[in-house]
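Data first, discussion second: the structure below is written as C-alpha cells.
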There are 2 protein chains.
Amino acid sequence: MTDDHNKPVTSFDVARRAGVSRSMVSRAFTEGANISEKSREKVLKAAEELGYRVNFLARGLQTRQSNLVGIVASSLDTPFRSRQVRIAAQEFISHGYRPILLTVEPGDDVGQWVSVMLNYNVAGVMVTSATPSPKIIQECRKLRMPLVLINRGKNQDIADTVQIDVQQAGELAFTMLTRSRAGRLAVVHPQIPSYSVTGRARAFIEKCRIENIEVDEFISTSQSYAAGYDIAGNIGLSLDHIDGVFCATDLLALGVMDRLRADWNTRFPDDLQVVGCDDIEQAGWGAYHLSTIRQDAEEQVLAAVTQMLERIENPDAPIQHYNQRLTPIFRKTTLSNYD
Amino acid sequence: MTDDHNKPVTSFDVARRAGVSRSMVSRAFTEGANISEKSREKVLKAAEELGYRVNFLARGLQTRQSNLVGIVASSLDTPFRSRQVRIAAQEFISHGYRPILLTVEPGDDVGQWVSVMLNYNVAGVMVTSATPSPKIIQECRKLRMPLVLINRGKNQDIADTVQIDVQQAGELAFTMLTRSRAGRLAVVHPQIPSYSVTGRARAFIEKCRIENIEVDEFISTSQSYAAGYDIAGNIGLSLDHIDGVFCATDLLALGVMDRLRADWNTRFPDDLQVVGCDDIEQAGWGAYHLSTIRQDAEEQVLAAVTQMLERIENPDAPIQHYNQRLTPIFRKTTLSNYD
DNA sequence: ATGAAAGCGCTAACAA
DNA sequence: TTGTTAGCGCTTTCAT
C-alpha cells in the first residue's frame with residue numbers, strides 16, 4: 001500500500017512483483033488461457049496489490065478488435081426512444097460489449113457520427129434515428145463494419161435492418177377505427193418525413209382510399225406531444241364530421257386528446273375514436289387509456305442486437321431484414337375490439 | 001478505388017501513397033502540428049483515396065489519454081433520467097468526448113461499472129444512479145480518475161457532486177401546499193432509500209413536525225407511475241382527512257392522481273392539492289397540470305459536465321459541490337401561488 | 001518542415 | 001506450463 005506513484009501500473013509491474021513474465025500476466029487475465037492455477041493466483045494477487053487493470057485499448061490494438069459498439073440515436077429523451085436505448089445498452093452490456101452513445105441532433109448528419117465510430121474500431125453500430133446516407137452505409141460495408149438500422153426501411157438491401165411493416169400498421173389502424181363504426185376518418189402525422197412514421201400514415205391513407213372512406217390529413221410540426229396539442233386546434237374545427245383519427249405516434253395522440261378535451265370537451269371514444277402507434281408507457285396511463293398499435297421495443301432491439309452479433313460473427317452472411325410483428329392494443333379510445 | 005483489400009489501412013499505407021513518412025501522416029491529422037499546407041493536403045488526399053481513418057485507440061495508447069468518458073445511469077427509460085442522459089451525452093460530445101453508456105440494473109453494483117470504465121482509460125465518469133461505494137470512489141481518486149456524482153449527496157467530500165438541496169425541496173413542497181390552506185398533509189415516497197428522493201420526503205416530514213402539522217406517510221414500492229397508482233389505493237381511504245399531498249417524484253404524483261380520479265372521483269386541487277418534484281415533461285401535460293418543484297436537468301447536467309472538464313484539466317483542484325437551485329412551479333393542482 | 005527511431009501496454013506465435 | 005520476441009497503429013522526441 002506504499003505505492004502512491006502517479007504512473008499507471010502496467011502488466012510489466014505486475015509481472016515483476018509476481019516474479020513472472022509479462023505473458024503470464026496477460027494469461028492470468030485471459031479467459032481459458034494456458035496457465036496453472038498457482039501462477040494465476042500469484043499474478044492476481046500481485047495485480048490486486050498494485051491496483052492493476054488491463055488496458056482494454058491496448059488489448060484491442062493487439063487483438064484488432066474492441067468490445068465497443070456504437071449506438072446512434074436521436075430524440076433520446078422521448079419515451080419510445082429512451083426505452084429502445086435502455087434495452088439496447090443493457091443487452092450489449094450483457095453480451096460483454098460497451099456501447100458508445102452518440103446522440104443525433106436535428107441538424108446533424110448521421111453519417112458523420114457513424115463515421116466517427118469507425119475511429120474507435122467499434123465492433124458494430126446500431127442506428128435508430130435518421131437514416132445514414134447510402135455512401136456511408138457502403139463505406140461500412142466495405143470496411144466490414146456491422147451496421148444495423150432500426151425502422152429506417154430496407155435501404156436497398158445494403159444493411160441489416162429491423163423494421164415494422166408500415167403497410168400493416170396503416171391497415172391495422174384503419175381496422176381498429178372502422179371495426180365498429182365506419183365513418184369519416186383523419187390522420188395526423190409530422191411534416192418531416194421518416195420511413196416509419198410517415199410510412200404508416202401513408203399506408204393508412206391508402207387503405208382509406210381503397211375502402212372508399214374519406215380521410216382528412218393533418219400535418220404536425222413534429223412527432224411530439226406539443227405538436228399534437230397544437231395541431232389539435234385544427235382538428236377541433238373539423239370535429240363535426242370526423243369520428244376517428246389515427247395519430248402516427250402515441251405522443252401525438254396524447255397531445256391531441258388533451259387539447260380536444262380542454263377546448264372542445266371531447267369525450268373518447270364517444271365523440272371521437274383515437275388510435276395511436278408505438279405503445280409507449282404513457283398511452284396506458286389512466287388519463288388516456290389510449291388504444292394503439294404496439295411496436296414491441298424489446299423484441300425490436302433484441303432482434304437488432306442479435307443481427308449485429310451474428311454479423312460480427314460472420315461478416316459475409318447475407319443481409320438480413322427482420323420484420324416486426326405489430327399488435328393492436330384495445331384500450332378505451334376505441335369503441336370495440338375484435339372479439 | 002481498386003483497393004478492396006481486407007486489411008485495414010494504416011498510417012503506413014497513407015504515408016507510402018503520399019510519398020512521405022508516417023510522422024507526416026500523424027501530423028496531418030493533428031491540430032496545429034508542424035506541417036506545411038502542401039504536405040497536409042497531399043496526405044489528406046491519399047488518406048481520402050485509401051479510406052484511411054485514424055485509429056483513436058492506438059492514438060490514445062500513445063498519448064495516454066482517451067476522449068472517452070463514462071456515464072453510468074439507472075432507470076434510463078424514465079423521463080427525468082433520459083433527459084439527463086440526453087443532455088449529458090450531447091454536452092460531452094460537443095466537447096469532443098465520446099460517452100460510453102453503462103446502464104445499472106436494480107441488482108447491480110455501481111462500483112463494478114465504474115471499475116469497468118477504468119479499463120478504458122476514460123477521461124472521467126459521471127454517475128447518476130445509485131451511489132458507488134466509498135471504496136471505489138477512493139480508488140478513482142487514487143487513480144486520479146475524475147468522478148462526478150449527481151444527486152448522491154456529498155459523500156464525505158471525496159468526489160465532486162451536483163445535487164439539489166433536499167432540505168429546501170421539502171420546505172418548498174410544504175409551503176406550496178400550505179400557503180393558501182393549512183391542513184392535514186401526506187407524503188408519498190418510495191421504500192428504497194435514495195439520497196435525493198428519500199431526502200426530500202424526510203425534509204418535508206420534518207418541516208411538518210416543526211410547524212406542528214400532522215402528516216401521513218405513504219410508502220410506495222418504487223418511484224414509478226405504477227407505484228403511485230398502487231399506493232393511491234391507500235391514500236383514497238384517507239381522503240376525508242387529507243387535503244394536501246407531496247409526492248417525492250412527479251411520476252408518483254401522476255400515478256396518484258390517475259388512481260384517485262378513477263376510483264374516488266377526486267378533483268384537483270379542490271378535493272386535494274398535489275405537489276410533485278422534478279418537473280418532468282408529463283407534469284405539464286393537459287391531463288395533469290401538476291404543480292411541482294423543478295429540478296432543472298439542463299442546469300444540473302451542465303454543472304456536472306463542467307465540473308468534470310475542470311477536474312480533467314486540474315485533477316488536484318479541491319473537491320467541488322454544486323448546489324442546484326429549485327424552482328416552485330405553480331400549475332393547477334395547488335390552490336394559489338405566491339403573488 | 002521532415003524523417004528515423006523509440007515506445008505506449010498489450011497479446012500471440014514460437015521456443016523451451 | 002512458461003518465457004522470449006515481435007509487433008498492433010500511433011505519436012513523439014531528436015536529428016536533419
Side-chain angles (χ1 to χ4, degrees), chain A residues 5-44 46-47 50-68 117-123 143 145, chain B residues 5-44 46-47 50-68 117-123 143 145:
Chain A
H5 277 306
N6 246 335
K7 296 267 170 211
V9 4
T10 75
S11 69
F12 192 83
D13 305 316
V14 178
R16 195 172 39 196
R17 175 154 193 140
V20 294
S21 71
R22 259 155 72 241
S23 314
M24 293 305 284
V25 178
S26 172
R27 290 184 182 114
F29 286 97
T30 306
E31 204 70 22
N34 234 338
I35 183 175
S36 68
E37 199 46 44
K38 227 178 74 184
S39 306
R40 158 166 275 135
E41 274 170 19
K42 210 162 49 177
V43 171
L44 259 30
L50 258 28
Y52 168 77
R53 359 196 27 108
V54 178
N55 182 328
F56 280 21
L57 272 38
R59 172 184 279 181
L61 188 57
Q62 169 65 9
T63 60
R64 284 122 151 275
Q65 48 164 307
S66 77
N67 50 6
L68 260 20
M117 287 293 80
L118 265 21
N119 287 318
Y120 291 90
N121 264 20
V122 293
L143 296 175
M145 135 85 67
Chain B
H5 277 307
N6 247 335
K7 297 264 169 213
V9 1
T10 76
S11 70
F12 191 83
D13 304 317
V14 178
R16 193 171 40 196
R17 174 154 194 141
V20 294
S21 70
R22 257 155 72 240
S23 315
M24 293 305 284
V25 178
S26 172
R27 291 186 179 111
F29 285 97
T30 305
E31 205 70 23
N34 231 340
I35 184 175
S36 69
E37 198 47 47
K38 227 178 73 184
S39 307
R40 158 167 274 134
E41 276 171 18
K42 210 162 51 176
V43 172
L44 259 32
L50 258 29
Y52 168 77
R53 1 197 24 110
V54 178
N55 182 328
F56 279 22
L57 271 37
R59 172 183 280 180
L61 188 57
Q62 171 66 8
T63 60
R64 284 127 150 267
Q65 50 166 301
S66 78
N67 50 6
L68 260 20
M117 289 291 80
L118 264 22
N119 287 316
Y120 291 90
N121 263 21
V122 294
L143 296 175
M145 135 84 68

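Chain letters run A, B, ... following the sequence lines, proteins first and then strands; every chain starts at 1. Everything numeric in this text was worked out from a predicted model, so none of it was measured.
- A sub-4.0 Å separation between OP1 or OP2 of dT1(D) and a side-chain N or O of Ser39(A) is absent.
- First and last contacts of DNA chain C with chain B, using any nucleotide atom under 4.0 Å from a protein heavy atom and ordered 5' to 3', fall at dA1(C) to dG9(C).
- In this view, Arg53(A) and Glu139(B) satisfy the salt bridge (charged side-chain N to carboxylate O under 4.0 Å, His left out) rule, not counting sequence neighbours.
- The closest side-chain heavy-atom distance from Tyr120(B) to Asn67(A) is below 4.5 Å.
- Summarising the geometry of Val14(B) relative to Val9(B), their closest heavy-atom pair is CG2-CG2, 4.3 Å, with the distance given to 0.1 Å.
- Screening residues 21-32 of chain A for side-chain hydrogen bond (donor to acceptor under 3.5 Å, both in side chains) gives no qualifying pairs among residues at least two apart or on separate chains.
- In plain terms, the two heavy atoms of Val122(A) and Ser66(A) that are nearest each other are CA-OG, 3.9 Å.
- A side-chain donor-acceptor contact under 3.5 Å links Thr63(B) to the backbone of Arg59(B).
- Axis deviation across the helix from dA1(C)-dT16(D) to dA16(C)-dT1(D) amounts to 30°, comparing end segments of five pairs, rounded to 10 degrees.
- Of all non-hydrogen atoms in Asp13(A) and Thr10(A), the two that sit nearest each other are OD2-N, 2.8 Å.
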Residues Tyr52(A), Val25(A); criterion side-chain contact (heavy atoms from CB on, under 4.5 Å); working and verdict: CA-CA 10 Å; Tyr52(A) 168 77; Val25(A) 178; 4.2 Å; yes

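- By the side-chain contact (heavy atoms from CB on, under 4.5 Å) test, Leu61(A) pairs with Asn55(B), Ala58(B), Leu61(B), sequence neighbours left out.
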Pair Gln65(B), Asn121(B) - check side-chain contact (heavy atoms from CB on, under 4.5 Å), show working. CA-CA 7 Å; Gln65(B) 50 166 301; Asn121(B) 263 21; over 6 Å; no

Summarise how protein sits on nucleotides 8-16 of chain D as a single string, 5' to 3': B when a protein heavy atom is under 4.0 Å from the base, S for sugar-phosphate-only contact, - for no contact. BBBBBB---

